[in-house]
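Data block below; observations after.
Every chain is numbered from 1 and lettered A, B, ... according to where its sequence line falls, protein lines coming before strand lines.
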Amino acid sequence: TFTYNCLLNRLVRANRLDMANELFQNMLEARCSPNASTYIVLIRGLCRVGEVQEACKLVKQMKVLNLKPGLIDCNVVISDLCKAGRVTESLALFDQITNICTPDVVTYSTLIHSLHKVGKLDDALQLLVQMTDQGLKPDAVLYNIVISGLCKARKVSDALMFFRTMSKSCLPDQVTYSTLISGLCKERKVEEAFHLLNDMIERGQAPDVVTYTTLIHGLCIASRMDDAQKLLEQMVISGLVPTIITYTTMMSGLCKEGRVDEALELLQEMINRGCTPTVITYNSLINGLCRANKMEKAHELLAEMCKRGYKPDIFTFTTLIGGLCNAGKSDEAMHLLEDVVSRGEVIPDVVTYSVLMGGLCKEERLDEALALFKKMVQSGCKPNVITYNTLITGFRKAGKLDGALDLLTEMVESGFHPD
RNA sequence: UCGUGUGUUUGAU
């Protein structure tokens with residue numbers, strides 16, 4: 001059994017699930033009994049490639065065979081399922097696991113976090129209550145997860161209330177403060193964010209790179225680029241090394257202020273300091289060039305990023321499509337979309353389509369915009385409020401109030417609330 | 001022994 005497990009582990013790690021499965025069958029035929037580890041290895045492999053159904057079958061088999069994996073193994077599997085975006089299956093697994101072993105704070109934390117990610121805040125809260133009913137106390141990580149979930153749901157004041165209940169046994173750490181600072185910044189409460197920075201220092205928690213980057217981002221949102229620049233310098237003086245995220249934040253901020261040339265200078269300076277750009281860095285800069293109507297340069301930068309081995313993603317192409325639309329070149333934008341789709345580079349999403357529809361509307365090509373809308377729906381991509389707003393605004397501006405009204409009706413019928 | 005949960009950056013009205 002041990003030998004088989006080792007081999008299976010290697011096969012799974014090498015992404016050879018077909019061979020792993022073959023070996024597993026082989027193992028059963030050889031009357032060599034799999035144990036819990038055997039199953040865990042296979043289940044992890046299946047989760048990683050998204051074969052959740054199969055993974056769940058194995059979980060059931062394991063139960064039938066009365067095999068009992070350890071708690072950490074269970075947590076690993078739950079975490080894998082969550083990472084594969086299968087919260088429902090994770091919860092099902094969780095139910096089964098409660099029969100085999102007792103979930104701990106990590107188990108609950110993993111599940112609560114993934115419920116937040118799919119917007120099920122209430123279910124998450126219920127699970128938290130269930131946990132405390134079991135006599136388990138949240139630790140700092142779980143506090144941070146809950147605080148982060150509240151912040152992302154735009155409930156910063158609730159997050160702050162929950163934060164204030166942290167006491168002796170579980171004090172706020174750097175992550176707690178950075179999470180709250182980020183939440184405040186996104187609600188445009190930079191001053192409060194800086195107050196919290198002072199609090200954290202007073203309470204003996206040193207701000208780290210993430211804290212600084214978060215605050216820099218907050219200043220960017222407030223269009224306070226010069227303050228952002230100063231904070232970056234202050235951060236370096238205090239001995240912290242800016243990361244690629246810090247630089248990208250700065251570049252994105254400069255771009256949004258129309259200072260794309262400075263952003264490009266910063267890119268060069270950053271590379272000289274030995275920090276490597278990411279796709280997000282390039283996307284931010286391409287966006288800056290598009291906003292500044294420097295489409296040729298935007299394409300040049302795209303070519304450069306490709307040459308350096310980066311794969312442009314949906315953000316890159318949507319940004320370029322938007323840039324072309326803004327420049328009144330929705331024909332080129334349409335072509336670009338067709339190109340990337342036919343080359344299979346990316347699958348357009350609701351934002352991509354909406355941007356392009358907006359471009360068509362701007363040129364009063366309303367029929368084409370509607371045709372694109374249909375095409376989007378046919379391809380299985382659901383419109384959202386912004387999609388409808390874009391179209392309605394387009395029709396309205398073109399004086400086609402009937403068309404606008406029809407769309408509004410359709411929007412309401414589809415279950416959207418007009419804003 | 002090792003392996004599991006948390007914070008910061010990019011696209012639309």
Side-chain angles (χ1 to χ4, degrees), chain A residues 9 37 40-41 44 70-80 82-83 104-114 116 138-149 151-152 172-183 185-186 207-218 220 242-253 255-256 277-288 290-291 312-323 325-326 346 348-359 361-362 384-394 419:
Chain A
N9 203 346
S37 306
I40 294 298
V41 167
R44 292 204 66 185
L71 180 56
I72 291 184
D73 281 332
C74 292
N75 287 345
V76 169
V77 171
I78 287 177
S79 161
D80 282 347
C82 288
K83 277 178 199 142
D104 63 1
V105 178
V106 175
T107 325
Y108 280 102
S109 305
T110 310
L111 288 164
I112 289 171
H113 185 217
S114 54
H116 284 159
D139 61 6
V141 173
L142 183 49
Y143 265 101
N144 294 339
I145 289 171
V146 175
I147 288 170
S148 167
C151 286
K152 294 230 159 83
D173 59 13
Q174 289 169 312
V175 176
T176 323
Y177 284 105
S178 298
T179 307
L180 285 164
I181 286 173
S182 168
C185 287
K186 285 186 175 143
D208 64 9
V209 190
V210 176
T211 320
Y212 274 103
T213 304
T214 307
L215 283 163
I216 288 171
H217 184 227
C220 291
T243 66
I244 179 56
I245 298 182
T246 318
Y247 286 115
T248 303
T249 303
M250 276 300 299
M251 284 183 242
S252 165
C255 286
K256 291 202 167 129
T278 66
V279 172
I280 297 181
T281 316
Y282 282 107
N283 287 348
S284 306
L285 291 165
I286 288 173
N287 186 27
C290 287
R291 282 165 183 267
D313 63 12
I314 185 140
F315 282 74
T316 324
F317 290 117
T318 304
T319 301
L320 283 165
I321 286 170
C325 287
N326 271 334
V346 291
D349 67 6
V350 61
V351 181
T352 319
Y353 282 113
S354 301
V355 168
L356 194 44
M357 281 180 234
C361 285
K362 222 176 75 170
N384 61 23
V385 183
I386 300 180
T387 318
Y388 280 108
N389 279 345
T390 305
L391 286 173
I392 291 170
T393 306
D419 53 15

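Judged as a ring pair (Phe, Tyr, Trp, His ring centres under 6.0 Å), and not counting sequence neighbours, the contacts of A:Tyr282 are A:Tyr310. Looking at residues two or more places apart in sequence or on another chain, you find no salt bridge (Lys or Arg N to Asp or Glu O under 4.0 Å) involving A:Arg291.
Proximity of A:Cys290 to A:Leu320: side-chain heavy atoms (C-beta onward) are separated by under 4.5 Å at one or more points.
A:Thr243 and A:Thr246 are linked by a side-chain donor-acceptor pair at a separation below 3.5 angstrom, with hydrogens and angles left out of the test. Side-chain N/O atoms of A:Ser284 and A:Asn287 include no donor and acceptor closer than 3.5 Å. A donor-acceptor pair shorter than 3.5 Å cannot be found between the side chains of A:Thr179 and A:Thr176.
Among the protein residues, A:Lys362 comes within range of no part of the nucleic acid, since none of its heavy atoms lies under 4.0 Å from any strand. Residue contacts shown for A:Asp80 are absent, as no nucleic acid heavy atom lies under 4.0 Å away. Residue A:Asp139 is classed as a base contact, given a heavy-atom separation below 4.0 Å to a base. Among the heavy atoms of the strands lying under 4.0 Å from A:Thr214 are primed sugar atoms or P, OP1, OP2 only; no base atom is included. Counting non-hydrogen atoms under 4.0 angstrom, A:Thr352 reaches a base of the nucleic acid. Base contact: A:Ser109 has a heavy atom under 4.0 Å from a base atom. Residue A:Leu142 is in base contact, counting any heavy-atom pair closer than 4.0 Å across all strands shown. Using a 4.0 Å heavy-atom criterion, one finds that A:Thr281 contacts no nucleic acid atom at all. Note on A:Val105: a base of the nucleic acid sits closer than 4.0 angstrom, heavy atoms only. Nucleic acid contact for A:Ser354: base, since at least one base atom lies under 4.0 Å from a heavy atom of the residue. Within the 4.0 angstrom heavy-atom criterion, only backbone atoms of the sugar-phosphate kind lie near A:Thr249; the bases stay farther away. Counting non-hydrogen atoms under 4.0 angstrom, A:Val355 reaches the backbone sugars and phosphates but no base. A:Ile314 comes within 4.0 angstrom of a base, heavy atoms only.
Below the 3.5 angstrom threshold, one finds no donor paired with an acceptor across the side chain of A:Asp313 and the base of B:G11. Side-chain atoms of A:Asn384 come within donor-acceptor range of the base of B:A12, with a qualifying N/O pair under 3.5 Å. In the interface, the side chain of A:Asn144 is not paired with the base of B:G5 through any donor and acceptor atom under 3.5 Å apart. The base of B:G5 does not come close enough to the side chain of A:Thr110 for any donor and acceptor atom to sit less than 3.5 Å apart.
Per the geometry, OH belonging to A:Tyr247 stands 14 Å off C1' belonging to B:U9, to the nearest Å. Here B:G11 presents its P atom at 7 Å from CZ of A:Arg291, a figure rounded to the nearest Å. Nucleotide B:G11 holds its P atom 10 Å from the CD1 atom of A:Ile280, rounded to whole Å.
Within the model, atoms CZ of A:Phe317 and OG1 of A:Thr352 stand 10.5 Å from one another, a figure rounded to the nearest 0.5 Å. Rounded to the nearest 0.5 angstrom, A:Ile112 CD1 and A:Leu142 CG are separated by 5.0 Å.
For A:His116 and B:U6, the shortest distance from a side-chain N or O to OP1 or OP2 is not below 4.0 Å. OP1 or OP2 of B:U8 has at least one side-chain nitrogen or oxygen of A:Lys152 nearer than 4.0 Å.
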Polar-atom pairs under 3.5 Å, protein N or O versus N or O of nucleotides 1-3 of chain B: list them with distances, or write none.
unit_1, atom_1, unit_2, atom_2, d
B:G3, N2, A:Asp73, OD1, 2.2

